[in-house]
Amino acid sequence: MTTMYYEKDAQPELLMAKKVAILGYGSQGHAHALNLHDGGYDVRVGLRLESSSVPKAEAAGLRVLSIADACAEADVIMVLLPDTEQKHIYDTDIAPHLSAGKCLLFAHGFNIRFDRIKPPEDVDVAMIAPKGPGHLVRRTYLEGGGVPALVAVEHDATGHAHDLALAYANALGATRAGVLETTFSEETETDLFGEQVVLCGGVTALVRAGYETLVEAGYQPESAYFECLHELKLIVDLMYEEGITGMRFSVSDTAEYGDLTRGPRVITPDVKAEMKKILTEIQDGSFAAEWILENEIGRPRYRELRDAGKRHPIEQIGAKLRAMMPFVSAGKQKVSEISGGDTD
Ligand code: NAD
Ligand code: MG
């Protein structure tokens, strides 16, 4: 059932014949616009004309228009604006220019999956979601590779939505790595679940609980930081390269026995039951409704929780220890200096 697409499956000429608008010039936007521009496609970038990104995009040789003008000109419109901003920009600047036969593309399914944006019936709606941050979409392309992506078609008005989306993925470099067929629902629900339960929420809560337990028991914060945060990367790298079994092969037998017998005492059936509840909140739209409301009232809870996170002692000790390990971030642009950011 699983379908993967590669370069041989794509028909670049389908996109070559189209005018493409990239809306936004953030993490994903700059990478999409520059990769397509390098490939010789007819690209324009849609931005607020007062945006600080306008001179950056122009300096990179791109043509910049207002979002409305870019949408009016283009046949293919890729929406790379923040998910929480997409609906009102769609209503005011995109929808009025969606004439029959145009193709509306997304890089994440949130606004379609949760019915925030309802495109007209005579327009193609599809998704190309790169499974990597925007700066890697650009960097791997320049190196001759690509970041894998997901492709999904929500609505095929022209009969060519899928082929056109695949041609877009190809222009982005994604068919060099592999493009997996999915649906807007699967992409949106698994993406939200992964970041909440494992990648961001689960892992940060686990690290902090471990750190607090050691410090409260009287151990040095430095020991707790090295043990519960710094070493995590080394273990995750092994899992990434060789799976869980490969990681277990590399650690000592003592570590492996502790892993096998204690891991299930930390992640108990209750924890998994909570994961199922979180998944249900994603599927039934209650997480989306909560996040949309939070944005409408100016993000008070988000700010408060984020500030509390910054004040946690693990941040102070971490900053001090990392300053003594410059090799940790040597040659890498600080993530806080790259616009946007996501887990994909
Ligand atoms: P971003 O925040 O980095 O960039 C958003 C862009 O939109 C910027 O150019 C910004 O100036 C512009 N913008 C912001 N508010 C605006 C407004 N009110 N009006 C007009 N323009 C506005 O966003 P991003 O992380 O690139 O995300 C874009 C899309 O890509 C989202 O759907 C996201 O889910 C998806 N996505 C992101 C990543 C990632 O690595 N960041 C990965 C996969 C998918
Ligand atoms: Mg993700």
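Every number for a ligand or one of its atoms is a count from 1 in the order of the listing. Residues: numbered from 1 along the sequence shown.
Smallest separation of non-hydrogen atoms from A70 and A21: O-CB, 3.7 Å.
Taking a 4.0 Å cut-off on heavy atoms, S52 fails to register as neighbouring ligand 1. The shortest separation from a heavy atom of G134 to ligand 1 is under 4.0 Å, placing the residue in contact.
Cation-pi contact between R176 and Y141: present, with separation from the ring centre below 6.0 Å and deviation from the ring axis of at most 45°.
Between the side chains of E212 and H312, a donor-acceptor pair is found at a separation under 3.5 Å. Y257 and R248 share no side-chain donor-acceptor pair at under 3.5 Å.
Each of the atoms 6 (C), 7 (O), 9 (O) of ligand 1 lies under 4.0 Å from some heavy atom of G24. Near Q86, meaning under 4.0 Å from one of its heavy atoms, ligand 1 places the atoms 32 (O). Residue P130 approaches ligand 1 through these ligand atoms, each under 4.0 Å from one of its heavy atoms: 43 (C). The I67 neighbourhood of ligand 1 comprises atoms 20 (C), with distances under 4.0 Å to a heavy atom of that residue. Set against the non-hydrogen atoms of H108, the atoms of ligand 1 under 4.0 Å away are 32 (O), 34 (O).
The shortest distance between side-chain heavy atoms of L15 and V76 falls below 4.5 Å.
One option in R48, M127, E85 has a heavy atom closer to atom 11 (O) of ligand 1 than any other, and that option is R48. Within the set G132, S27, A107, G29, the minimum heavy-atom distance to atom 41 (N) of ligand 1 is found for S27. Atom 6 (C) of ligand 1 has its nearest heavy-atom neighbour, among L80, D83, T84, I128, in L80. With P82, A57, P133, A149 as candidates, the residue nearest to atom 14 (C) of ligand 1 on a non-hydrogen basis is P82.
Residue contacts with ligand 1 for I89 involve side-chain atoms from C-beta outward but no N, CA, C or O (heavy atoms, distance under 4.0 Å).
Judged purely by atom type and a 3.5 angstrom limit, T188 uses its side chain to pair as donor or acceptor with the backbone of F184. Side-chain atoms of R311 do not come within 3.5 Å of backbone N or O of R306 as any donor-acceptor pair.
Partners of N295 under the side chain to side chain donor-acceptor pair (under 3.5 Å) rule, at least two apart in sequence or in another chain, are R299.
Checking only distances, Q28 does come within under 3.5 Å of ligand 1, N or O to N or O. Inclusion of S51 in the set of residues having an N or O under 3.5 Å from an N or O of ligand 1 is not warranted.
Among pairs with a residue in residues 23-34, none fulfils salt bridge (charged side-chain N to carboxylate O under 4.0 Å, His left out), at least two apart in sequence or across chains.
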